[in-house]
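A short worksheet on the structure shown next.
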Amino acid sequence: MIIFPHLSVTVCVFVSSVCLPRRLFSLAHQFLSSPGTSSLLDCQMSMNQNKDNVVPTITDESPFRYLQEDLLIEIFIRVPIADWEHISSVRKQWAGLFRGECLWQAALNRAYPLASKTQRWTGPIRQGSSKRRFMALYISRNILCVETDIDEMLGHIYLFLKDQLQLSTTPASGILHGTMIDQLIVCGKSKEEADELVIKIWLALLDNIEDTKHTFLVLKSIAQEYDGFLPYPYARPIKVQWKVFEKLFVDFRDLLFDHSEYCDLIGIAKKKFQTLPHLWLGY
């Protein structure tokens with residue numbers, strides 16, 4: 001299951017029950033008590049609480065197991081996104097809901113009601129499933145901080161770049177950059193607008209990418225990649241290249257074990273940039 005950036009939850013699994021946030025029970029009770037669902041009150045919430053009134057738990061005997069899937073979906077999409085991973089780990093049935101299309105379509109309609117009016121676009125980067133669309137819109141609003149007529153497309157471009165960087169430790173970043181530029185130009189953006197938006201996506205992804213050995217190898221490959229002679233806006237922007245070297249020499253400095261590797265990278269950086277920060281220097 002793909003989890004959104006910056007979201008983490010603690011899954012408390014016990015032998016006979018799983019702790020859930022108290023707000024899940026509260027939301028379920030509110031939903032079942034709302035107009036139009038009064039007939040469902042036969043399935044009242046019997047929360048398991050101890051004498052100290054601690055966090056309620058769900059067991060196989062809980063009435064939650066008898067709720068229909070459409071009702072579970074309506075409850076789950078009202079829970080904060082940070083708890084979705086937790087909820088999906090409680091029961092196999094619930095995990096199946098998060099893998100299916102219905103929950104994500106309901107979440108998409110609730111969180112982004114105007115998404116249904118979005119026209120499908122042409123180009124190499126397409127929309128995809130409801131889950132993919134939800135993730136794209138979430139990224140656009142919360143990471144890229146854009147609310148324009150192409151905000152969903154920008155989220156899809158971000159996800160495209162993220163996926164490609166995860167597939168290989170030697171990605172062709174120049175080709176990826178050109179693909180993103182083409183996607184925006186074919187949808188009506190000028191070269192200047194496309195260049196600005198793609199730079200924004202690159203920088204946002206580099207700021208939020210995980211600090212792993214794979215990421216280090218990807219960044220090192222991008223830093224060593226030959227630029228060639230490409231016309232504007234297909235040449236890799238200097239801001240993006242600076243960010244790549246900054247992460248290598250600051251965030252991943254401990255992984256530069258080989259002195260010759262460090263000298264090779266610092267030599268490339270000196271050719272690209274007029275001056276280098278003191279923080280980058282010194283092995």
Side-chain angles (χ1 to χ4, degrees), residues 5 123-125 139-140 143-146 148 150-151 153-212 214-256 260-283:
I125 304 173
I139 289 169
S140 294
I143 296 180
L144 301 176
C145 300
V146 294
T148 67
I150 60 165
D151 56 352
M153 184 192 298
L154 295 182
H156 282 286
I157 294 174
Y158 180 102
L159 288 171
F160 164 78
L161 178 59
K162 183 174 183 289
D163 290 345
Q164 294 302 312
L165 295 185
Q166 290 177 339
L167 288 175
S168 171
T169 57
T170 56
S173 63
I175 295 176
L176 295 178
H177 183 77
T179 301
M180 295 186 289
I181 291 289
D182 283 340
Q183 178 62 64
L184 290 167
I185 290 178
V186 79
C187 291
K189 292 298 177 182
S190 66
K191 292 182 179 180
E192 292 74 18
E193 290 173 323
D195 181 59
E196 181 181 348
L197 290 170
V198 170
I199 289 175
K200 186 182 185 73
I201 292 170
W202 267 111
L203 296 181
L205 180 58
L206 292 173
D207 280 334
N208 290 279
I209 199 168
E210 294 182 0
D211 292 343
T212 64
H214 177 86
T215 299
F216 167 73
L217 295 175
V218 167
L219 295 178
K220 187 174 71 170
S221 173
I222 293 175
Q224 295 172 331
E225 187 175 330
Y226 177 65
D227 284 328
F229 300 95
L230 294 173
Y232 175 84
Y234 293 97
R236 294 186 303 167
I238 199 69
K239 289 182 179 179
V240 174
Q241 296 188 57
W242 178 278
K243 188 67 175 181
V244 168
F245 281 96
E246 182 180 57
K247 290 192 71 69
L248 283 171
F249 292 128
V250 179
D251 297 349
F252 292 95
R253 192 177 187 86
D254 293 341
L255 294 180
L256 290 171
S260 61
E261 183 179 63
Y262 168 81
C263 291
D264 178 52
L265 289 172
I266 208 71
I268 296 173
K270 287 180 178 178
K271 291 179 181 178
K272 290 179 178 290
F273 316 116
Q274 293 183 349
T275 57
L276 302 181
H278 292 293
L279 191 60
W280 295 10
L281 304 176
Y283 179 70

For a 4.5 angstrom cut-off between non-hydrogen side-chain atoms, does [X] reach [Y]?
{"X": "P277", "Y": "W242", "result": "yes"}
{"X": "Y262", "Y": "L248", "result": "no"}
{"X": "V244", "Y": "W202", "result": "no"}

Within the side chain of K162, is there an N or O that forms a donor-acceptor pair under 3.5 Å with the backbone of L205?
-> no
Heavy-atom donor-acceptor pair, D264 side chain to S260 backbone, under 3.5 Å = no
Candidates I125, D195, V198 - the one meeting side chain to side chain contact (heavy atoms under 4.5 Å, CB included) with L184 = V198
Under the side-chain contact (heavy atoms from CB on, under 4.5 Å) test, residues paired with I175 that sit two or more places apart = A172, T179
Geometric class of the W280/F273 ring pair [parallel <30°, tilted 30-60°, perpendicular >60°] | perpendicular
Between Q183 and F160, does a side chain to side chain contact (heavy atoms under 4.5 Å, CB included) hold up when you go through it step by step?
-> CA-CA 11 Å; Q183 178 62 64; F160 164 78; over 6 Å; no
Say you draw a straight line from [atom1] of [X] to [atom2] of [Y]; how long is it, rounded to the nearest 0.5 Å?
{"X": "C187", "Y": "I157", "atom1": "SG", "atom2": "CD1", "result": "7.5 Å"}
{"X": "L144", "Y": "D151", "atom1": "CG", "atom2": "CG", "result": "9.5 Å"}
{"X": "S140", "Y": "M153", "atom1": "OG", "atom2": "CE", "result": "10.5 Å"}

Give every residue pair that meets the salt bridge (charged side-chain N to carboxylate O under 4.0 Å, His left out) criterion with at least one member in residues 217-230, sequence neighbours excluded.
-> K220-E261, D227-R236, D227-K272
F216/D211 under side chain to side chain contact (heavy atoms under 4.5 Å, CB included): CA gap, chis, key distance, verdict | CA-CA 7 Å; F216 167 73; D211 292 343; over 6 Å; no
